[in-house]
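This report concerns only the one structure given below.
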Amino acid sequence: MINHPPTLPFDLDAATKHLSASDETLAELVRSTAPFHADMEAHKSPYEALLEAIAYQSISGKAAATIFGRVKALSKTGGIPAPQEMLKFRTQALRKAGLSGAKVLAMKDLAKKTIEGVVPTLEESEKLSDEELVKRLVSVRGIGAWTVEMFLIFRLGRPDVLPIHDLGVQKGLSVAYGKKHKPSPKELLAFGERWRPYRTVASWYMWRAFQRAGYAATNKIKHKKPKRSKPTSKAKLSTRRQKRR
């Protein structure tokens, strides 16, 4: 039986038309950069996708692929180990495969919570809201909001996800809209309200803007320095008194 990749759960053409009609900056990005693409794989459960995501955290893709290949080789099937298998693997064997101690603990916690039902099946996850999925999945050791957001965007194809802590989205917005500084997560969240209900697609184009600008340009984009608060009249008076002493 052949597994055909699933289609997006929303109308991408309608999304790009909606964003283009309401935002001239996005309209230009839609015309000139690569269209949105989600790497949705029908056979990958949340457990499988997140197990792989843990392996890929904080290291190069090439190194992660090698290490994850060794983890899969430990399984009887030669594929992604089932949760029950993962719990039985000795820590020493997983460390020898190249996983850090923190990643071993994270993978075992993911397996445990999958068996307990905290981590849903793919069928169950499709019925849960974005907020419910984030709440469940961030309870797993080593899984943060950003990892879950990437899962929602690229595995489930959810249309209205805005990864406010993502550096590429933050800097892409600065480049696209001609802003001198990188927005804070709170500022990005407020700015992104204009993109509802297709914040996922808008985020994709912020990544494209970041990519197109190049690192030489985007490395210059920094946090806005907080304004120094002016001293109050009481503080000024206290300073004067101290000087007189």
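Keep in mind that this is a model prediction, so the values were computed, not measured. Reckoned from all heavy atoms, side chains included, excluding hydrogens, waters and symmetry mates.
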How close do [X] and [Y] get, counting heavy atoms only, and between which atoms?
| X | Y | answer |
| --- | --- | --- |
| Pro35 | Trp204 | O-CZ2, 3.1 Å |
| Leu156 | Ser125 | CD2-OG, 3.9 Å |
| Tyr47 | Val119 | N-CG1, 4.3 Å |
| Arg208 | Ala34 | CD-O, 4.0 Å |

With a 3.5 Å distance limit and no angle check, can you tell me whether [X] reaches the backbone of [Y] through a side-chain donor-acceptor pair?
| X | Y | result |
| --- | --- | --- |
| Lys113 | Pro120 | no |
| Arg199 | Leu162 | no |
| Asp109 | Val140 | no |
| Glu124 | Thr121 | yes |
| Trp195 | Thr200 | no |
| Glu187 | Ser184 | yes |
| Ser20 | Lys17 | no |
| Thr16 | Leu12 | yes |
| Arg141 | Ala106 | no |
| Lys171 | Pro183 | no |

Exercise for the section: Check Val104, Leu99, Leu105 against Thr91 for a side chain to side chain contact (heavy atoms under 4.5 Å, CB included) and give me the one that passes. Expected result: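 The single option meeting the side chain to side chain contact (heavy atoms under 4.5 Å, CB included) with Thr91 is Val104.
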Exercise for the section: Check each of Leu188, Ile153, Leu152, Val148 against Pro163 using the side chain to side chain contact (heavy atoms under 4.5 Å, CB included) test, and report the only one that passes. Expected result: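 Filter result, single survivor: Ile153.
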Exceeds 12 heavy-atom contacts within 6.0 angstrom, atom [atom1] of [X]:
| X | atom1 | result |
| --- | --- | --- |
| Glu24 | CD | no |
| Lys112 | NZ | no |
| Lys108 | NZ | yes |

Handout entry: Contacts of Lys222 that satisfy salt bridge (charged side-chain N to carboxylate O under 4.0 Å, His left out) - sequence neighbours left out
Key =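 Once residues adjacent in sequence are excluded, Lys222 has no partner under the salt bridge (charged side-chain N to carboxylate O under 4.0 Å, His left out) criterion.
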At what distance, to the nearest 0.5 angstrom, does [atom1] of [X] lie from [atom2] of [Y]?
| X | Y | atom1 | atom2 | value |
| --- | --- | --- | --- | --- |
| Leu19 | Tyr205 | CG | OH | 8.5 Å |
| Ile164 | Glu149 | CD1 | CD | 7.0 Å |
| Met206 | Leu173 | CE | CG | 6.0 Å |
| Asp130 | Lys135 | CG | NZ | 15.0 Å |
| Lys182 | Thr218 | NZ | OG1 | 11.5 Å |
| Gln84 | Thr114 | CD | OG1 | 9.0 Å |

Any side-chain heavy-atom pair from [X] and [Y] closer than 4.5 angstrom?
| X | Y | result |
| --- | --- | --- |
| Val71 | Met86 | yes |
| Val118 | Ser139 | yes |
| Gln57 | Thr147 | yes |

Exercise for the section: Assess whether side chain to side chain donor-acceptor pair (under 3.5 Å) is satisfied between Arg95 and Gln92, documenting all intermediate values. Expected result: CA-CA 5 Å; Arg95 296 280 281 130; Gln92 186 179 358; over 6 Å; no
Handout entry: Check: Phe210 ring centre within less than 6.0 Å of Tyr215 ring centre
Key =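 So the answer is yes for these two rings.
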Practice task
Flag the pair Arg212 and Glu28 as a salt bridge only when some basic side-chain nitrogen lies within less than 4.0 angstrom of an acidic carboxylate oxygen.
Solution key: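 Yes, charged N to carboxylate O under 4.0 Å.
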Handout entry: Ion pair check, Arg136 and Glu132, cut-off under 4.0 Å
Key =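 No, Arg136 and Glu132 are not salt-bridged.
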Problem - All pairs passing ring-ring contact (aromatic ring centres under 6.0 Å, His included) where residues 149-189 contributes a residue, at least two apart - result: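 As it turns out, the ring-ring contact (aromatic ring centres under 6.0 Å, His included) pairs with a partner in residues 149-189, which skip direct neighbours, are Phe154-Trp207, Tyr177-Phe191.
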Handout entry: Ring geometry between Tyr198 and Phe10 (parallel below 30°, tilted from 30 to 60°, perpendicular above 60°)
Key =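 Correct class here is tilted.
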